[in-house]
Amino acid sequence: MTIDPALILGGLVVGFIVGLTGMGGGALMTPMLIFVFRVDPLVAVSSDVVASLFMKPAGAFVHLRRKTVNLRLVLWLCVGSVPAAFSGALLIQYLPFGDSLDSALKIVLGCALLLASAGLVVRAVLQMVRSRSALGEGPTRPSAPELVIRPVPTAILGAVAGLLVGMTSVGAGSVIIVVLLLLYPALKASQLVGTDLVQAVPLVAAASLGHLLYGDFSLGLTTSLLVGAIPGAWFGAHVSSRAPGGIIRRALAILLLASALKLLGASLPVVLGAAGAALVVGNLVWFWVKRRFSGGAQTPAADSVVDEMTDEMTDEPAARPADDPDPAESRPRR
């Protein structure tokens, strides 16, 4: 078994993104293994899934300690995701593609990444409008809001994501965290990331068991990834449990778009052009939202939201109204 320093560095970067955003494990790790390290697609999927089994708990533990996890939501997600993830790892062995399995895997991966990238764009826009901030999300607090859990839609979401993870290693974060925002808009960024990371542990465990039994798992490849991915996920989770992650998610959407196009057979100029266009359009939208929500035409409600966000980020009390005299000035002079 050989430890590859380049794989360690790649695992560190992907692990940090997973801990920070709750997504990007399979969405970034598998394309990286296929295109950068020239790993066979089936080996890449199997090794990535098994690596996630050890990478996800590093971030999940941090969020459990910070109490940014909704455990009831985790339970209903796992009801659907755990059996579906094991079934996906089993199903991929019996798909009738023959020698074209690698090409089929790339197509499935590409479509999954396009879905995840589009979901991230929708999520970013919804968050910017909802919070009336170009940053997309306000700062996080270690508390979980009261939610009315919707068991059936949540279990179905878990089953779809579990099947995707078992077949492609993509979906544990990229799909679940996006749909969770639509189902439960009251969840803040830290609670979305924390809930997703915790539910991903049993999901990935089921998928890993299937790939260990029936897949093309590589011990040396997975070990090299984990040396970097575990500390990366731990550090990223510490950051995400305390800070907003909207800008990071938008950057991730561009990476997912580029990876998806490459998997679907697009040429390098097309991939670079699409990523550049997404970057330009995304920045134009960001500046437009910034001017709209940070200008002088804000409503009182918007002002209170921005003031609250600023106070939370600086951990300082809100400024006194202009007509509130300074206590030092109100004291009689001697």
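Heads up: numbering here begins at 1 and tracks the sequence.
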Can you see which heavy atom on [X] is nearest to which on [Y], and at what distance?
X	Y	answer
S87	P83	OG-O, 2.8 Å
L163	G88	CD1-CA, 3.8 Å
T222	S218	OG1-O, 2.8 Å
A60	V198	CB-CG2, 3.8 Å
A155	V79	CB-CG1, 4.5 Å
A44	V39	N-CG1, 3.8 Å

Would a 4.5 Å heavy-atom cut-off, applied to side chains only, mark L77 and L180 as touching?
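The answer is yes; the side chains approach within 4.5 Å.
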Inter-residue atom distance [X].[atom1] - [Y].[atom2], 0.5 Å rounding:
X	Y	atom1	atom2	result
H238	R65	NE2	CZ	7.0 Å
F35	L268	CZ	CG	11.0 Å
L33	L225	CG	CG	5.5 Å
T223	F54	OG1	CZ	9.0 Å
M55	L226	CE	CG	8.0 Å
F61	L197	CZ	CG	13.5 Å

Same apolar cluster (I L V M F W Y, side chains within < 4.5 Å links), [X]/[Y]:
X	Y	result
V271	L114	yes
I17	V36	yes
L219	I230	yes
L9	V14	no
L157	L73	yes

Begin from the C-alpha positions of V18 and K56 and carry the test side chain to side chain contact (heavy atoms under 4.5 Å, CB included) through to its verdict.
CA-CA 8 Å; V18 169; K56 297 281 186 178; 3.9 Å; yes
If you apply the rule side chain to side chain contact (heavy atoms under 4.5 Å, CB included), what do you find for V50 with S47, and how did you get there?
CA-CA 5 Å; V50 177; S47 300; 6.0 Å; no
Quick one, D4 with I8, criterion side chain to side chain contact (heavy atoms under 4.5 Å, CB included). Give me CA distance, side-chain angles, the key distance, then yes/no.
CA-CA 6 Å; D4 188 340; I8 293 175; over 6 Å; no
Do T30 and D48 meet the criterion of a side-chain donor-acceptor pair at a distance under 3.5 Å?
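The criterion, which ignores hydrogens and geometry beyond distance, is satisfied for D48 and T30.
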Going by atom types alone, do T195 and Y184 pair a side-chain donor with an acceptor below 3.5 Å?
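Checked: T195/Y184 side chains show no N/O donor-acceptor pair below 3.5 Å.
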If we ignore hydrogens and angles and just use 3.5 Å, is the side chain of [X] paired with the main-chain N or O of [Y] as donor and acceptor?
X	Y	result
S208	V49	yes
S52	V204	no
H211	G166	yes

